[in-house]
Amino acid sequence: MKKPLRLLAVAVPLMATLTACIPSPEDLETTPVKVQTPKGVVTCQLYRQNRVNWDRAIDFPATKMSVPEADNYCKQEGLRRLKR
């Protein structure tokens, strides 16, 4: 019984430390940007310049486009900025 308790005593603080080192998307947010599209303005929440898979729309003309379409515009904007 002592060995599992020792392992637990080491594992819990180790996991807590490692979890604290992993950034959440909120930690990497930039100032939102507005992108002009043929269907209207999309406001994008971009993240780190080298990571566009989290980029997403936070405001868009919902009557003219879907969420995936708006998010795609934001990912395109993130890629455009990445290539600069």
As an exercise, state the distance from CD of Glu77 to CG of Asn72, rounded to the nearest 0.5 Å.
12.0 Å
The test is side chain to side chain contact (heavy atoms under 4.5 Å, CB included); show your working for Arg81 and Val33 and say whether it passes.
CA-CA 11 Å; Arg81 290 169 180 244; Val33 298; 3.4 Å; yes
Under the criterion side chain to side chain contact (heavy atoms under 4.5 Å, CB included), I'd like the reasoning laid out for Phe60 against Glu69: C-alpha separation, chi angles, the key distance, then a yes or no.
CA-CA 10 Å; Phe60 59 94; Glu69 184 179 4; over 6 Å; no
Quick check against the 3.5 Å criterion: does Asp71 have a side-chain atom that pairs as donor or acceptor with the backbone of Arg56?
no
On a heavy-atom basis, the closest approach of Pro61 and Gly40 is CG-CA, 4.1 Å
Can you tell me how far CG of Leu46 sits from CG of Leu79, rounded to the nearest 0.5 angstrom?
10.0 Å
Just by modelled atom types, is the Asp55 backbone N or O under 3.5 Å from a matching donor or acceptor in the Lys75 side chain?
yes
As an exercise, state the distance from CG of Asn53 to CZ of Arg48, rounded to the nearest 0.5 Å.
10.0 Å
Spell out, yes or no, whether Val67 and Tyr73 are grouped together once hydrophobic residues are joined by side-chain heavy atoms under 4.5 Å, including indirect joins.
yes
Taking every non-hydrogen atom, the tightest pair across Thr43 and Cys74:
O-SG, 4.3 Å
Determine whether Trp54 and Gln45 satisfy the following criterion, side chain to side chain contact (heavy atoms under 4.5 Å, CB included), listing intermediate values before the conclusion.
CA-CA 9 Å; Trp54 288 344; Gln45 178 59 71; over 6 Å; no
Shortest non-hydrogen pair, Val52 vs Gly78, comes out as CG1-C, 3.4 Å
Does the pair Val42 and Met65 meet the rule for a side chain to side chain contact (heavy atoms under 4.5 Å, CB included), with working shown?
CA-CA 10 Å; Val42 176; Met65 70 176 70; 3.7 Å; yes
